[in-house]
Amino acid sequence: MLDQRLLRDDPELIIRQLRRRGLEPDLAGLQRIALQARDLEEERSRLQAEGNRIGKAVGERIRGGAQADGPEVAELREQGNRIKQRVALLEEEEKGLEQTLRDGLLELPNLPSEQTPEGRNETDNIEVRRWGEPRLPQAGESLEEHWQIAERLGLVDTERSVRIAQSRFITLLGQGARLERALISFMLDRHSAAGYREVLPPILVNTASLTGSGQLPKFAEESFRCAEDDLWLTPTAEVPLTSLHRDEVLAAEQLPLRYTAYTPCFRREAGSYGRDTRGLIRLHQFNKVELYWFCRPEESDAAHEQLTRDAEGVLEALELPYRRIELCSGDLGFSAARTYDLEVWLAGAGTYREISSCSTCGDFQARRAAIRCREGKKTRLLHTLNGSGLAIGRTMAALLEHGQQADGSVLLPAALVPYFGSDRLVAQD
RNA sequence: GGAGAGGUGGCCGAGUGGUCGAAGGCGCAGCACUGGAAAUGCUGUAUAGGGGCAACUCUAUCGAGGGUUCGAAUCCCUCCCUCUCCGCCA
């Protein structure tokens, strides 16, 4: 959420920055409401102060010996009643304005960082760096896509997944299930060793949690909802992790707080019909290990780089070629001020594919979720950052395509052997 | 699901209509004492919003929302949450 003071004082700045996202917001109405609410508050609190004075005066008179129902007190009572009525009126109006204002502000996305490059859409994103050699088919060699390998080796069962749930759900079997579990453990161990605190949060979250991290109110159609319970299936661990400290004031000395969490993630993928219909790339339910930082505002730039490096470290340990993309202003997510996407090389598909998205949100989520830090005597909003470290299904896809061998087996990176118990996947019954 | 208890400041805990943003304690910070520390003493120590260059000041907040009253942490109503016991259950 944006600062309503900024809206009052300099709406042009907001418009200028949101224009970079390709938006053309009309903030005049919202600004007027913000100013009105402020003026109303001034008048109301002035009246309340007067009412308080009268209340005290009554107490003093009575203690001073005046009759509680005498004329002197009655006059004050009358005054008090008039003020009370007026205050009630103003309060109601003020409350309405503030609700409208908040609703409006909750709909506005974060402002892009100064450092975020200009651009309209994903074609304007900027490649920052590459790591590793993309595997290309040798002469006479044809590389399979991961879903072909997975089906052939019996790692997944697509048809039965539809029977159990519906399309865009997957069932992993045997080595496939084991590999998924190995990847989760591997990543959590790695991040824990790097100082992240491991969290296993609820994956049903309430509306306040989704609002805090920015999924609501705007993107309700993207999440699965348990209508009877004010609970939603979390679309990413970013949601419960943000709310881990919702409505808290953290001591500056304990920052940064860094968390890593494995959760299943649930997304409706509305509007993606026909895209990535096969395999592990786009599912309603997928596993992800998330990285999350709460830090002081001054630290967030360095934190963003470090968090991204921590995600890249997983890819490097798994010997998977990738590139880092910086998203342009027009391609940023709702809550993000600045984002690096990591794209892993899918050797069979012959393309780079997003496997992690590492964002700094500035104080945008902190304001929504009321997360502050105490700095000396003052408190102020802190900064939050999140990133995948990594999406498990897509990691498995990349491993299958990257490690496929002429004999049909798949060679796994050495780092996984202790977790998976073998250095390769072979055909199973 | 049944029965009961309870939600007050960073924590514990007092407060049942009036000057209470709230005693006392703990914790924390500063100062004094000390060679240094402990102990001790003194002082300070909530959040949000508004106004002000600032000192400061106004308002609200004792789970949430409504009500009674000139005045509510305190009385009334509704809701939420937590805890304990029983039942059920991985």
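FYI, side chains are in, hydrogens and waters are out, and symmetry mates aren't considered; it's all heavy atoms of this structure. What you are looking at is a predicted structure, and each value in this text was computed from that prediction instead of being measured.
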Identity of whatever pairs with B:C53 - Watson-Crick or G-U, under 3.5 angstrom: none
Separation of the C1' atoms in B:U16 and B:A23, to the nearest angstrom: 16 Å
Complementary nucleotide of B:G1, counting Watson-Crick and G-U pairs under 3.5 Å: B:C86
Contact under 4.0 Å: A:T379 side-chain N or O vs B:A46 OP1/OP2: no
Touch class at under 4.0 angstrom, heavy-atom based, for A:R82 against every strand present: nothing
Sugar-phosphate, base or nothing in reach of A:R61, heavy atoms under 4.0 Å: nothing
Residues in side chain to side chain donor-acceptor pair (under 3.5 Å) contact with A:R19, at least two apart in sequence or another chain: A:E24
Set of residues satisfying ring pair (Phe, Tyr, Trp, His ring centres under 6.0 Å) with respect to A:H304, sequence neighbours excluded: A:Y340
Euclidean distance for C1', B:C20 against B:G27 (whole angstrom): 23 Å
Those residues that, when tested against A:H402, pass ring pair (Phe, Tyr, Trp, His ring centres under 6.0 Å) (two or more places apart): none
Side chains of A:T158 and A:I170 in contact at under 4.5 Å (non-hydrogen atoms): yes
Rounded interatomic separation in angstrom, taking CZ from A:R38 and C1' from B:G52: 13 Å
Those residues that, when tested against A:E316, pass side chain to side chain contact (heavy atoms under 4.5 Å, CB included) (two or more places apart): A:R129, A:W131, A:R309, A:E312, A:Y322
Euclidean distance for P, B:U45 against B:A3 (whole angstrom): 47 Å
Between P of B:G50 and CG of A:L90, the distance in whole Å: 17 Å
Base-pairing assignment for B:A14 (Watson-Crick or G-U wobble, both under 3.5 Å): none
Nucleotide forming a Watson-Crick or wobble pair with B:U69, both distances under 3.5 Å: none
Mate of B:G41 where both pairing distances stay under 3.5 Å, Watson-Crick or G-U: B:C31
Those residues that, when tested against A:F186, pass ring pair (Phe, Tyr, Trp, His ring centres under 6.0 Å) (two or more places apart): A:Y419
Span that lies between the C1' atom of B:A54 and that of B:A60, in whole angstrom: 24 Å
Between P of B:A48 and CZ of A:R102, the distance in whole Å: 15 Å
Interatomic distance where CZ belongs to A:R372 and P belongs to B:G10 [whole Å]: 10 Å
Assigned partner base of B:C81, Watson-Crick or wobble definition, under 3.5 Å: B:G6
Same-atom distance (C1') from B:U84 to B:C75, integer angstrom: 28 Å
May I have the list of side-chain donor-acceptor pairs in residues 177-184 of chain A shorter than 3.5 Å, sequence neighbours left out?
residue	atom	partner	partner atom	Å
A:R178	NE	A:F420	O	2.7
A:R178	NH2	A:F420	O	3.3
A:E180	OE2	A:N287	ND2	2.7

Sub-4.5 Å side-chain heavy-atom contact between A:N121 and A:D331: no
Value in whole Å for how far the C1' atom of B:G49 lies from CG of A:L35: 15 Å
N/O (side chain, A:R374) to phosphate O (OP1/OP2, B:G10) under 4.0 Å: no
C1' gap between B:A14 and B:G7, integer Å: 16 Å
Atom-pair distance (CD on A:Q4; C1' on B:G49), nearest Å: 8 Å
Nearest-angstrom distance from the residue atom NE2 of A:H245 to P of B:G10: 16 Å
Length of the line joining A:D247:CG and B:G10:P, which is rounded to integer Å: 13 Å
With sequence neighbours excluded, residues passing ring pair (Phe, Tyr, Trp, His ring centres under 6.0 Å) with A:F224: A:H284
Of residues 198-214 of chain A, the positions that come close to RNA chain B - non-hydrogen atoms, cut-off under 4.0 Å: none
Euclidean distance for P, B:C89 against B:G15 (whole angstrom): 44 Å
Paired nucleotide for B:C62 [Watson-Crick or G-U wobble; both distances under 3.5 Å]: none
Separation of the C1' atoms in B:U40 and B:A55, to the nearest angstrom: 34 Å
A:Q285 side, atom CD; A:T171 side, atom OG1 - distance, nearest 0.5 Å: 9.0 Å
Complementary nucleotide of B:A22, counting Watson-Crick and G-U pairs under 3.5 Å: none
Any side-chain heavy-atom pair of A:L280 and A:W147 under 4.5 Å: no
Nucleotides 53-70 of chain B: protein proximity per nucleotide (B base, S sugar-phosphate only, - neither; heavy atom, under 4.0 Å): -----SSS-----S--BB
Short side-chain donor-acceptor distance under 3.5 Å, A:N206 and A:S209: yes
